[in-house]
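The structure under discussion appears below in the form of structure tokens.
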Amino acid sequence: MIELAAVFAVAGAASNAVGTAFQRKAASASAHGGLRLLTELVRRPIWMIGMAGVACAALFQSLALVNGPLALVQPLFILELPFALLVAAPLMHRRLPRSGWWGVGGCVAGLAVLLLAAAPHGATDQAPLTRWVPALLLCAGAMAALVGLAGPGRPPARRAALLAAASATGNALTAALLKSASGTFADHGLTAFLRSWQTYGFALAGVAAVLLLENALQAGPLAAAQPALTIGDAVVSLTLGITLFDERVRTGWWLVPELCGALLIVVGVLVLSRAVQRIQVVPVPAAERNTAS
């Protein structure tokens, strides 16, 4: 079922990118904030489209994690970054610089090389509590340490990178807990799902990851936050997949193309993160301006 898991993961990355782009489009047209912003947004069809995209992404991610290894599914969510740029640029009347397209190509090519060489396999849905306890303690401890190192007074770029790394750890932990909870739902139904501690664990971890991400984006430049977020999620997910769910990847000489693929991803993310800072504004046609007003 690994092929099916890959399809669901790519669909999840695309859905989340579309949802985020439409939500940002709706929010950018409002001058309000807080609760008033929310009450205004829920009346806008474009925002509801965005929420539907996010909801579909969560469903696709659950289906992917049930059918395949965490070490495969989470790295595929790296595609959310190029998907988001491809959707958001025309939607927000922006033009991505030429270097950005090289970054997109680097991300896609590097991910393909990495996953084909690693060939993650051997997934199971559940892990004993003796594995969960150290995993939870290490992830929570790492997140707390990163937040502590990103305290006030640090350079903005360093704060953004550290907080993004903490968010990436939370994202990976959320995915691991979601995989376990989704497996419980698939095997034993809704009642067992609601009685599983992993169900409430992934909700709490997900909220923490989102809050850390918002703080990372506020603390410093995207060029510092995005690489730590993207690469950190994949690395921690790979570690959790191996230690919790007995997932395996190919080693030996396969490590050479795996490292080459990982390097391509890092370079692609760095290029994309810098290209975002140089996105050009495309003039809005007069007819469209009149319609919007």
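Predicted model only: the values in this text are computed from it and were never measured.
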Quiz item: Are any of the side-chain heavy atoms of Leu79 and Cys107 separated by less than 4.5 Å?
Solution: no
Quiz item: What is the minimum heavy-atom distance between Leu63 and Asn67, and which atoms define it?
Solution: O-ND2, 2.7 Å
Exercise. Heavy atoms only: give me the nearest Ala57-Gly12 pair and the separation to one decimal.
Key: CB-O, 3.4 Å
Practice problem: Determine yes or no for a side-chain-to-main-chain donor-acceptor pair under 3.5 angstrom, with Ser196 supplying the side chain and Ala192 the backbone. | Solution: no
Self-check item: Polar side-chain atom of Ser180 near backbone of Ala176 as donor-acceptor pair, under 3.5 Å
Solution: no
Quiz prompt | Cluster link Leu65 to Trp197, ILVMFWY, side chain under 4.5 Å | solution = yes
Self-check item: Chi angles and distances behind the side-chain contact (heavy atoms from CB on, under 4.5 Å) call for Asn215, Arg159
Solution: CA-CA 9 Å; Asn215 281 274; Arg159 292 192 67 221; over 6 Å; no
Quiz item: In Å and rounded to the nearest 0.5 Å, what is the OG to CD distance from Ser182 to Gln198?
Solution: 10.5 Å
Quiz item: Taking it one step at a time, do Asn171 and Leu229 satisfy side-chain contact (heavy atoms from CB on, under 4.5 Å)?
Solution: CA-CA 9 Å; Asn171 280 334; Leu229 180 69; 3.8 Å; yes
Quiz item: Would a distance-only check, ignoring hydrogens and angles, find a side-chain to backbone donor-acceptor pair under 3.5 Å from Arg248 to Pro120?
Solution: no
Practice problem: Determine yes or no for a side-chain-to-main-chain donor-acceptor pair under 3.5 angstrom, with Ser167 supplying the side chain and Leu163 the backbone. | Solution: no
Practice problem: Search all heavy atoms of Gly183 against all heavy atoms of Val66 and return the closest pair with its distance. | Solution: N-CG2, 4.1 Å
Quiz item: Can any side-chain N or O of Tyr200 pair as donor or acceptor with the backbone N or O of Arg195 at less than 3.5 Å?
Solution: no
Exercise. Taking the side chain as every heavy atom from C-beta outward, state whether Pro75 and Leu115 have any atom pair closer than 4.5 Å.
Key: yes
Practice problem: Could you tell me the separation between the CG atom of Asp233 and the CD1 atom of Ile78, rounded to the nearest 0.5 Å? | Solution: 8.0 Å
Exercise. Go through Phe202 and Lys179 one step at a time and tell me if the side-chain contact (heavy atoms from CB on, under 4.5 Å) criterion holds.
Key: CA-CA 9 Å; Phe202 85 72; Lys179 179 177 178 64; over 6 Å; no
Exercise. Could you tell me the separation between the CD atom of Glu258 and the OG1 atom of Thr251, rounded to the nearest 0.5 Å?
Key: 8.0 Å
Exercise. Please check if atom CH2 in Trp132 has more than 12 non-hydrogen atoms from other residues, nucleotides or ligands closer than 6.0 Å.
Key: yes
Practice problem: State yes or no: do Leu72 and Leu114 share one hydrophobic cluster built from I, L, V, M, F, W and Y residues joined by side-chain heavy-atom distances below 4.5 Å, directly or via other members? | Solution: yes
Quiz item: Where do Leu240 and Cys139 come nearest, in terms of heavy atoms and distance?
Solution: CD2-SG, 4.2 Å
Exercise. Report whether Val113 and Val73 are members of the same hydrophobic cluster (ILVMFWY, side-chain heavy atoms less than 4.5 Å apart, transitive linking).
Key: no
Exercise. Would you kindly confirm whether Val249 and Trp253 end up in one hydrophobic cluster when ILVMFWY residues are joined by side chain heavy atoms under 4.5 Å apart?
Key: no
Quiz item: Are the side chains of Phe185 and Leu190 in touch, meaning some heavy atoms are under 4.5 Å apart?
Solution: yes
Quiz item: Could you give the distance from CG (Leu270) to CD1 (Ile265), rounded to the nearest 0.5 Å?
Solution: 12.0 Å
Quiz item: How long is the gap from CD on Glu247 to OG on Ser237, to the nearest 0.5 Å?
Solution: 9.5 Å
Quiz item: Under the criterion side chain to side chain contact (heavy atoms under 4.5 Å, CB included), which of Leu138, Val236, Leu136 is the partner of Leu173?
Solution: Leu136
Quiz item: Do any N or O atoms from the side chain of His188 and from the backbone of Ala186 form a donor-acceptor pair under 3.5 angstrom?
Solution: no
Quiz prompt | Close side-chain approach of Val10 and Phe83, heavy atoms under 4.5 Å | solution = yes
Quiz prompt | Between CG on residue Leu129 and CZ on residue Arg131, distance to nearest 0.5 Å | solution = 12.0 Å
Practice problem: Verify the cluster assignment for Leu255 and Val266: are they in a single hydrophobic cluster under the rule of side-chain heavy atoms below 4.5 Å apart? | Solution: no
Quiz item: Just wondering, do Thr184 and Asp125 contact through their side chains at under 4.5 Å, heavy atoms?
Solution: no
Exercise. Report the C-alpha distance between Val147 and Leu212 in whole Å, list the side-chain angles of each, state the deciding distance to 0.1 Å, and finish with yes or no for side-chain contact (heavy atoms from CB on, under 4.5 Å).
Key: CA-CA 9 Å; Val147 171; Leu212 287 168; 3.5 Å; yes
Quiz item: Which atoms form the tightest heavy-atom contact between Ala164 and Ala228, and what is the distance?
Solution: CB-CB, 4.0 Å
Exercise. State whether the side chain of Arg154 and the backbone N or O of Leu149 hold a donor-acceptor pair below 3.5 Å, judged by distance alone.
Key: yes
Exercise. Please answer whether the main-chain N or O of Phe193 pairs with a side-chain N or O of Thr199 as donor and acceptor at a distance below 3.5 Å.
Key: yes
